[in-house]
Amino acid sequence: LTLSTAAGDTVEQTELKYEPVDIQFAAQKTDTRSRQGGKAAEDTENTVSINMGGRTILLYNLNDPDNPVELAFQSRYGSIVTYRWFGDGYMMIGFSEGYLVVISTHMKEIGEELFSGWFHKDRLDDIA
């Protein structure tokens, strides 16, 4: 994974364990409510999230590049098909076995499923 400026200068670079399937930018919740230029720091897109081969999701915080967080889920859910960021740093993840899982990316809540359900008996292809 290489992150570059608009001019093409490399900002960050790291090796991934698995092939990236989907990459999204989002605002990960933080423990602090600091302000930057009149805008809450956590309102800016400070995190790159990567679906790594349908196995895990990597959260790569641009403000803390030395401490990426890799999210793994129960094997009964199947592989990660897709995911969407929503609300105040929440993520909905859709799995091949028809499960939907909602998590918070707030570090105090990371690793906890806020909601999970089995909604599709055959398979899940996408979420909106």
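For the atom pair OG of Ser75 and CZ of Phe95, the computed distance is 11.0 Å after rounding to the nearest 0.5 Å. Taking OG1 of Thr82 as the start and CD1 of Ile93 as the end, the distance is 10.0 Å to the nearest 0.5 Å. One finds the OH atom of Tyr60 at 6.0 Å from the CG atom of Leu3 (value rounded to the nearest 0.5 Å). Between the CE atom of Met52 and the NZ atom of Lys17 there is a distance of 6.0 Å, given to the nearest 0.5 Å.
Both Leu62 and Ile50 belong to a common hydrophobic cluster when Ile, Leu, Val, Met, Phe, Trp and Tyr are linked at side-chain heavy-atom distances under 4.5 angstrom. In the hydrophobic clustering of this structure, Leu114 groups with Phe86; members are Ile, Leu, Val, Met, Phe, Trp, Tyr whose side-chain heavy atoms approach within less than 4.5 Å, directly or through other members. By the criterion of side-chain heavy atoms lying less than 4.5 angstrom apart, applied directly or through intervening Ile, Leu, Val, Met, Phe, Trp or Tyr residues, Ile57 is grouped together with Ile110 in one hydrophobic cluster.
When the salt bridge (charged side-chain N to carboxylate O under 4.0 Å, His left out) test is applied to Glu109, the partners found at least two apart in sequence or on another chain are Lys29. Scanning for side chain to side chain donor-acceptor pair (under 3.5 Å) contacts around Tyr77 gives Gln74, Glu113, with sequence neighbours left out.
When side chains are defined from C-beta on, Gln24 counts as touching Trp85, because their heavy atoms get closer than 4.5 Å. The closest side-chain heavy-atom distance from Thr105 to Leu59 is below 4.5 Å. At a threshold of 4.5 Å between non-hydrogen side-chain atoms, the residues Pro20 and Asp22 do not count as touching. Side-chain contact between Arg84 and Asp126: present, with at least one pair of heavy atoms (C-beta onward) separated by less than 4.5 Å. Counting heavy atoms from C-beta outward, Ile80 and Asn51 have side chains that approach closer than 4.5 Å. When side chains are defined from C-beta on, Glu12 counts as touching Pro65, because their heavy atoms get closer than 4.5 Å. Tyr18 has its side chain out of reach of Leu16: every pair of non-hydrogen atoms, C-beta onward, lies at least 4.5 Å apart.
Judged purely by distance below 3.5 Å, without hydrogens or angles, the side chains of Tyr83 and Ser49 pair a donor atom with an acceptor atom.
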